[in-house]
Amino acid sequence: MRVDELKRAFPTMPGACHDAMIAAVRGVREETIMRKKWTTALAVALVLMLLVGGAFAYSQWRDSAVQIADIEAKSGYFHDWPLAERIKLLQILVDSGEIKADDERVAPLLSGQVTGEAAENLSLRVMLDWMGTPFYGPVSLLSVLQRLWGPMGWWTLEDKAWYTQMATEAGLLKDEEIRYTLPREGEITQDEAQILAARAIEGANGLVSGTLDGFGSYASFYVTKNAPDSPRWYFEFYLLPSDSEPEKEWEIYSVAVDAGTGDVILDPGLCVLIPDGQMAVLSEIGG
């Protein structure tokens, strides 16, 4: 494949997708993360995941997630939940230390002093305020977990796989195209796949080999609904602006790698992984 063809296949992330990515990142503990390298941000995220809510253990959040998933499977998103179920989630957030029990809006809800439509409106307002700004979409199990642990892309492979299994068992992922899983023996390792991905992107953009080694990155391992036996690695590489150039645009690239063959699978600028049957596979760079 010609280099000019690769450049068209490996563009930097387009405007809409770039804006969505940036908004998600800025919405998660902005003051902690925005001007730090990815390694530091990942360390902070992992510490938060382990210490979130003080004494409220990370494993307890997993147990609570199962409860929330069951409610969502029965009642949909938070704004459609019965008041009693909303109170359960608020109580979990209070127990975890995420919301203060003596908050002038929360205490009357938990004690039952506010009831009916007034309680429904107040509980939704409390949740939306806790979700923070910017926040897009309805309050759901996934949005709550991302509020706690950061964007799902930043989660560990184990946590992504856990979420997929838990949500599937609850009946929440019936129509999902992408399902996260864990690599098996004999498949290309994360380090091997990341090198393939980085070199392909560098070749497509005329970058010196090794350039992306200085970028932040995160990885996912997944299968698709139509190809459950063809696992893939997915990587995003990005370069944060320096302190001296805070207004500079982030550089973001994304690509997937077949975990069985090592073929680089291109996402031609979409915010979602491309469907089966519509993939461009690279066997060579340049030429």
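Index from 1, following the sequence. Note that the structure is a prediction, hence the values are computed from the model and not measured.
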J.: Less than 3.5 Å apart, any donor N or O on the side chain of W233 or Q190 sitting next to an acceptor on the other?
T.: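 Side chains of W233 and Q190: no pair found under 3.5 Å.
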J.: What is the minimum heavy-atom distance between L93 and W61, and which atoms define it?
T.: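 The answer is CD2-CH2, 3.6 Å.
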J.: Apply side chain to side chain donor-acceptor pair (under 3.5 Å) to S220 and list each qualifying residue two or more places apart in sequence or on a separate chain.
T.: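 Per chain and number, S220 pairs via side chain to side chain donor-acceptor pair (under 3.5 Å) with K160.
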J.: Indicate the atoms forming the closest heavy-atom contact of R62 with E158, along with that distance.
T.: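 Result for this residue pair: NH2-O, 4.2 Å.
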J.: Decide whether Q194 and S217 meet the rule of one side-chain donor and one side-chain acceptor closer than 3.5 Å.
T.: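 Judged by distance alone, the side chains do pair up.
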J.: Consider only side-chain N and O atoms of Q146 and S143, and report whether a donor and an acceptor are under 3.5 Å apart.
T.: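 S143 and Q146 do not have a side-chain donor-acceptor pair below 3.5 Å.
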J.: Go through the structure and list residues passing ring-ring contact (aromatic ring centres under 6.0 Å, His included) with F237, not counting sequence neighbours.
T.: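 Not a single residue meets the ring-ring contact (aromatic ring centres under 6.0 Å, His included) criterion with F237.
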J.: Pairs in or reaching into residues 92-121: which pass ring pair (Phe, Tyr, Trp, His ring centres under 6.0 Å), with residues at least two apart or in two chains?
T.: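 Listed by first then second residue: nothing to list.
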J.: With sequence neighbours excluded, tell me which residues meet salt bridge (charged side-chain N to carboxylate O under 4.0 Å, His left out) with K74.
T.: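 Testing K74 for salt bridge (charged side-chain N to carboxylate O under 4.0 Å, His left out), a comparison that skips the adjacent residues, returns none.
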J.: Give the intermediate values and the outcome of salt bridge (Lys or Arg N to Asp or Glu O under 4.0 Å) for residues D213 and R199.
T.: CA-CA 10 Å; D213 295 346; R199 300 299 88 86; 3.0 Å; yes
J.: Which residue pairs pass the ring pair (Phe, Tyr, Trp, His ring centres under 6.0 Å) test with at least one member in residues 81-126, sequence neighbours excluded?
T.: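 Every pair satisfying ring pair (Phe, Tyr, Trp, His ring centres under 6.0 Å) with a residue in residues 81-126: F78-W81.
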J.: With no hydrogens and no angle check, is any side-chain donor or acceptor of R86 less than 3.5 Å from a backbone partner on H79?
T.: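 Checked: pair present.
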J.: Can a donor-acceptor pair be found, under 3.5 Å and without considering hydrogens, that links the side chain of T168 to the backbone of T164?
T.: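 A pair under 3.5 Å: yes.
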J.: Apply salt bridge (Lys or Arg N to Asp or Glu O under 4.0 Å) to residues R105 and D103 and explain how you reach the verdict.
T.: CA-CA 5 Å; R105 299 177 303 170; D103 185 294; 3.8 Å; yes
J.: Run the salt bridge (charged side-chain N to carboxylate O under 4.0 Å, His left out) test against D70 and tell me which residues pass, sequence neighbours left out.
T.: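 With sequence neighbours excluded, D70 shows a salt bridge (charged side-chain N to carboxylate O under 4.0 Å, His left out) to no residue whatsoever.
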J.: Restricting to non-hydrogen atoms, name the atom on E236 and the atom on S254 that form the minimum distance, rounded to 0.1 Å.
T.: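 Taking every non-hydrogen atom into account, CG-CB, 3.7 Å.
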J.: For atom CD of E117, is the number of surrounding heavy atoms from other residues, nucleotides or ligands below 6.0 Å larger than 12?
T.: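 For E117, atom CD is not crowded (no more than 12 foreign heavy atoms under 6.0 Å).
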J.: Any chance you could measure F215, atom CZ, to L207, atom CG, to the nearest 0.5 Å?
T.: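 The distance works out to 7.0 Å.
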